[in-house]
Amino acid sequence: MDVEEFRIRGKEMVDYICTYMNTLKTRRVTPSVEPGYLRTTLPAEAPIHPEPWDDVMSDVETKIMPGVTHWQHPRFHAYFPAGNGYPSILGDMLSAGIGCIGFSWAASPACTELEIIMLDWMGKAIGLPPAFLALEEGSKGGGVIQGSASECVLVCMLAARAVGIKRLKHQFPTVDEGLLLSKLIAYCSKEAHSGVEKAAMISFVKLRILQTDENGCLRGQTLKEAMEEDEEAGLVPFFVSTTLGTTSCCSFDNLPEIGPIVRKFSRVWLHVDAAYAGNAFLCPEHKCHLAGIEYADSFNTNPNKLMLTAFDCSLLWVTNRYLLTSALVVDPLYLQHCYDHTAIDYRHWGIPLSRRFRSLKLWFMLRSYGISGLQKYIRRHCELAKYFEKLVKKDERFEVCNQVKLGLVCFRLVGGPEETPQQVDDLNKKLLTNVNASGKLHMVPASVRDQFVIRFCVVSQHASREDIEVAWDIITDFATELIEGPDKERDLNEERARKHRAALAHKRSFFVRMVSDPKIYNPAINKTPPPQPTSPGTPPQPAPATPDTPSDADSIRLVPSTPKQSSWISWPLAFFFQSVDNDANDLPLRFRHLDTMVRLKSPHPGRRGSTPGASPERRAPSPAPH
C-alpha cells in the first residue's frame, strides 16, 4: 500500500467507522458465537501472496464483526464506560502516523513534554494538591500515562517495596533481602480491584484483604487494627491501596480516616485508585470524594472510563517521583542522552520501555470538549443513573443494593418471602443469564454484602432517557417471564446454578484462596512447620517458636545460629511451592542449603510494631548431590 492508496483507504476507513457507530442499534450487543469460532473461518496459515484490500475489509464484516462485543452499543451496560470520543480516535490515528517510541525525552521531546503538561492540566482540573504536579515550584511529584489502573497499582507497590526493603536493610544489614521481603505486607479492602492482588503476586509480598462496612467502605479503625496486629506478629506494613469508586458497587473508602492512620506507621505508602470515579472530580459537586487526598503518596484515574478518551490511557500521579523511578531505573548506555539529568525520561516510570504518543489524544479531548463539555457529559451519566435507580425503586419486585453516587446502579430481584438467600441469588443469576443470552442487553454481576447483584452502568456516549427506559423494559419483561414461569423450570435452573457454583469453586486458583485465608497473615494459626525427612544421625529437632513460646525476641542483635533440620516456606512462596490439587505436572522441590539461620530482633523491647520479624525463617538443606 503506497501513500496514494493509503489516502483513499484511510478515508474509507473513517467512513466505515462512522457507519459502524451510526448503525450500532441494529446489531446484537454481544456476539452469539462459541470459543474457536474464528478458527473455522480463517485459513490455517498466513497468505503467501498479497490479497486485495477490498477482500480484507469484506472479511472484517463477515468474520470479525460477528465475534465483537459492542462496547459503544446503547444497550451495553456492563463494566464501566470505554471512552471513544472522535477527537480521541483522531489522536490515536495521529500517534500511529507519527510512530515515535517515546521512552526518553531525546527519543521524542514533544512526546515527553506534552505528557508532563497534560498530567498537570488534569491534576489541577481534578483538584489534586500541588505536591502531585511536576511543574509546581519546589514539587518532587509528577504524573505519567500508564496502560491501565493495574499498572499504576503495580508500579506504586514496587516503589513502596523498594522503600521498605531499603529501610529494613539499613536496620538489618546482614540479613538477606529475600528474608526481609518475606516480612512485608500490603493492605486493601475486599472491594478493591483484583489488580491489587495481582500486583502483590508479582511483587512477591503478602496482601491482607480487609472487610468493609455495610456500604462497601474501608474504615480507618479496621485498617489500624490489622496493621497493629501484623506488626505484633512480626510483619512490616509497607503499602495500603484504597479505592474511590470500587468496581463492584462504586463505593468510596474513607480516606480522611485512613490517611492519618497510615501516617502513624513508618514509611507506609498510601495509594488511591480512582480509576472510574476520579474523572468525576472534574465536577465541583463530586470533589468532596477527594477529601483526604493530602495523605496519599500516589493517585490514579482512567480518562478511558468516564472522560471519552480511548483506551489505553490511565493517569498516575506521585508526590515523590524519585522514589518511583529509583525502584524501576535500568540505564544502559544506548538509552542515555545529554539531557538525561535535567529532563524526565518516562522509561523509568513504568514496566515497559517503549511508549506510544498517548498524550495526543488527551490533548485533543481536553481542547475539543473543554472542562465544561466533559462536566456536562459526566453529569448526564450521573443523572441517567439516578433515573434508572428511580425506575427500580418504583417496582416492588426489585431493590437497589448500593448508594448511587455516579453512573452505576446495583439492583436485584428481592424474591419471595419464603425463599432462602441462596434461592434469591439463583433467581437473579437466572435473570441476568436470560437477559444477556438474548443479546438485547448486556450487564454483569457483582457481590455486594455477600449477595448476588446485577450491575447496571450508564456507558454509551450518547445515552438518553429513552435508552434507560428501553433497558428497564427489557429487564422487567424477563423478570416477569422468570417469576411467572413454571416451578419445574425454576427447579431445573437452581440445579444448573448449583453445578455452576461447584465448577467455579473447583476452578478458583490457590492464590485466590490464600489471600482470603487468615492463615496467611496470622502466624499463630500456622504454628508447626512442615515435617522434614531425617537421617539416623540427625539430632532431635527443637520445638518451633510460636507466639506463646518464650524467646529472646527483644534482643537488639541479629543472631546467627546452627542449621536446623526444618523448613518453613512462608507465603507467597507457598503459592508456587504447594498445590492443593496435587497436580501431576508439579515439579519436585529442591531447597538450597544455608549454613546459618537468622532471627530478626526487636530493637525496642515491649514496643508494639518494632520488630520486622519475631519468628524465625528456616530453610531445609537440599538433598545430597548425586
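Keep in mind the model is a prediction, meaning the values are calculated, not measured. The figures here come from the full heavy-atom set of this structure, side chains too, leaving out hydrogens, waters and symmetry mates.
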Testing the 3.5 Å rule here: is there a donor-acceptor pair between the side chains of T19 and N22? no
Quiz question: by atom type and distance under 3.5 Å, do the side chains of H462 and D467 form a donor-acceptor pair? no
So, do F456 and W472 have ring centers that fall under 6.0 Å from each other? no
Taking the six-membered ring for Trp, are the ring centroids of F265 and F238 within less than 6.0 Å of each other? no
Test your reading of the model: is there a side-chain donor-acceptor pair from [X] to the backbone of [Y], 3.5 Å cut-off?
{"X": "H442", "Y": "H70", "result": "no"}
{"X": "N428", "Y": "V453", "result": "no"}
{"X": "K386", "Y": "K405", "result": "no"}
{"X": "E484", "Y": "E481", "result": "no"}
{"X": "N279", "Y": "N302", "result": "yes"}

Of V459, L408, V458, the one forming a side-chain contact (heavy atoms from CB on, under 4.5 Å) with F80 is L408
Salt bridge check: are E389 and K394 linked by an N-O gap of less than 4.0 Å? no
Would you mind checking if R465 and E469 are paired as a salt bridge, meaning a charged N to carboxylate O distance below 4.0 Å? no
Would the number of heavy atoms belonging to other residues, nucleotides or ligands and lying under 6.0 Å from NZ of K63 be above 12? yes
What I'd like to find out is whether the side chain of [X] reaches to under 4.5 Å of the side chain of [Y], using heavy atoms alone.
{"X": "L154", "Y": "S203", "answer": "yes"}
{"X": "F398", "Y": "R412", "answer": "no"}
{"X": "V153", "Y": "H193", "answer": "no"}
{"X": "L413", "Y": "E399", "answer": "no"}
{"X": "R455", "Y": "C249", "answer": "no"}

In terms of heavy-atom contacts, L218 and D253 come closest through N-OD1, 2.9 Å
Check the orientation of H289 and F281. Use parallel for under 30°, tilted for 30 to 60°, and perpendicular for over 60°. tilted
